[in-house]
Amino acid sequence: MTTPEPLPARPAATVMLIRDTSAGLKIFLMRRHSKMEFAPGVIVFPGGGVDDRDRNADLQGQGAWAGPPPQWWAQRFGVETDLAEALVCAAVRETFEESGVLFAGPADDPDTIVGDASVYHDARRALDDRTLSFADFLRTENLVLRTDLLRPWANWVTPEAERTRRYDTYFFVAALPEGQRADGDNTESDQSGWALPQDAIDDFEAGRNVLLPPTWTQLDSLAGRRVADVLAVERQIVTVQPLLEKRGDNWVFEFFDSDRYHRARQAGGSLDWPF
């Protein structure tokens, strides 16, 4: 039998929103609707694929970019500058669409961060239904994207054996801006909220949620830390592309920490893939 060519991996961006609490660092998580075609019912961070609005935004050229330039992001992620700019745009746009959190500030005072992003409710809906571009939104509201609020964290590529769709996903981490709130009011998730990373991992081991390897790994990397410590980390971004192999009646992920992941997966009873 001829092995089919792997599907192309679409560039994507996802943002791990974090905040300090008395119990420790918490992270914003969403559960995808059970009827979603890709990864239904799994726990995810806000994010999504890069689209033409992101590739054509030219935010730096329009003066709507404040913080490390695209070249800085390109070096950290090991990509071309135009893709780096699109990834940052997609990360901020998707986070706003899916959680209501906006990493932006007034153009006439770029050191200031938007304190209440809910005032842009209508624009958020227009971005989500693609009747508005992020560049046009920033220009209309006289805002600039605050890239200094984000940090590069990881890069994972969907296994080649996946036949539904594949993503080349770049992970960012960012603190929740003071005064803003994450609401999870979007069309792709049916549940959202803040959790200690270790609690989400423990829920996976108890069979109370479903975590794919990239999400499980990032949660593990944040467990027990504080926001200031996370933002101070200078991560060496290494691309991870797990193998997805058929073993008997089951599909098994193989990656650098897969033994620990599979022990947790087995403890929770989530042995089948797709979940």
Side-chain angles (χ1 to χ4, degrees), residues 10-19 28 30 44-74 77 79-152 169-189 192:
R10 177 186 176 188
T14 189
V15 177
M16 299 183 292
L17 287 172
I18 56 176
R19 64 183 178 93
F28 185 73
M30 306 183 302
V44 296
F45 311 116
V50 171
D51 63 25
D52 290 341
R53 294 174 299 170
D54 306 313
R55 294 185 183 277
N56 301 322
D58 189 27
L59 298 181
Q60 190 180 35
Q62 297 182 26
W65 184 289
Q71 294 85 347
W72 186 92
W73 290 98
F77 279 134
V79 300
E80 296 296 324
T81 302
D82 56 347
L83 176 57
E85 184 171 3
L87 286 167
V88 174
C89 182
V92 176
R93 175 184 57 76
E94 286 280 352
T95 300
F96 182 46
E97 288 179 17
E98 296 192 350
S99 75
V101 173
L102 179 60
F103 298 109
D108 54 3
D109 188 6
D111 291 332
T112 303
I113 308 171
V114 169
D116 180 9
S118 67
V119 298
Y120 305 116
H121 177 271
D122 291 343
R124 179 182 173 188
R125 291 289 168 262
L127 286 166
D128 184 55
D129 65 24
R130 302 196 174 196
T131 59
L132 177 69
S133 73
F134 196 62
D136 287 343
F137 162 63
L138 293 177
R139 182 170 53 253
T140 299
E141 301 297 340
N142 196 34
L143 297 172
V144 294
L145 186 155
R146 288 285 305 274
T147 71
D148 57 313
L149 302 179
L150 303 167
R151 299 290 187 277
T169 304
Y170 294 82
F171 288 77
F172 299 75
V173 65
L176 177 72
E178 185 175 354
Q180 294 194 34
R181 60 183 295 270
D183 57 25
D185 180 13
N186 60 73
T187 59
E188 296 186 0
S189 63
S192 65

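Here the structure is a predicted model, which means the values were calculated and not measured.
- When side chains are defined from C-beta on, Asn142 does not count as touching Pro106, because their heavy atoms never get closer than 4.5 Å.
- The main-chain N or O of Thr112 is found under 3.5 Å from a side-chain atom of Arg146 such that the two form a donor-acceptor pair.
- Glu85 places a side-chain N or O within donor-acceptor distance of the main-chain N or O of Leu59, the cut-off being under 3.5 Å.
- Annotation: side chain of Phe45 is not in contact with side chain of Thr95 (no heavy-atom distance under 4.5 Å).
- Aromatic ring orientation, Trp73 versus Phe172: tilted (interplanar angle from 30° to 60°).
- With values rounded to the nearest 0.5 angstrom, Asp129 atom CG is found 10.0 Å from Thr187 atom OG1.
- For the atom pair Glu98 CD and Leu127 CG, the distance stands at 12.0 Å (nearest 0.5 Å).
- Contact record, Phe134 with Cys89: CD2-SG, 3.9 Å, taken as the closest heavy-atom pair.
- Residue Glu97 is tested with Arg130, Arg124, Arg53 for a salt bridge (charged side-chain N to carboxylate O under 4.0 Å, His left out); the sole match is Arg53.
- One N or O on the side chain of Thr14 and one on the backbone of Pro46 form a donor-acceptor pair closer than 3.5 Å.
- Residues Leu138 and Arg93 have side chains not in contact (no heavy-atom distance under 4.5 Å, counting atoms from C-beta outward).
- The backbone N or O of Val114 sits less than 3.5 Å from a side-chain atom of Gln180, completing a donor-acceptor pair.
- Within the 4.5 Å cutoff, the side chain of Thr140 has no heavy atoms near those of the Leu132 side chain.
- In this structure, Gln60 contributes its side chain and Pro69 its backbone to no donor-acceptor pair below 3.5 Å.
- The CZ atom of Arg139 lies 6.5 Å from the OG atom of Ser133; values are rounded to the nearest 0.5 Å.
- Side-chain contact check for Val79 versus Tyr170: some heavy-atom pair is nearer than 4.5 Å.
- Contact annotation: the side chain of Leu17 approaches that of Phe103 to within less than 4.5 Å [non-hydrogen atoms, C-beta and beyond].
- The closest donor-acceptor contact from the side chain of Gln62 to the backbone of Ala57 lies under 3.5 Å.
- With hydrogens and angles disregarded, no donor-acceptor distance shorter than 3.5 Å links the side chain of Asp128 to the backbone of Ala126.
- For the side chain to side chain contact (heavy atoms under 4.5 Å, CB included) with Val88, the qualifying choice from Leu145, Asp54, Leu83 is Leu145, the only one to do so.
- Checked for salt-bridge contact, Asp51 and Arg10 miss the test: no charged N lies under 4.0 Å from a carboxylate O.
- Separation of atoms CG (Leu143) and OH (Tyr120) is listed at 4.0 Å; rounding is to 0.5 Å.
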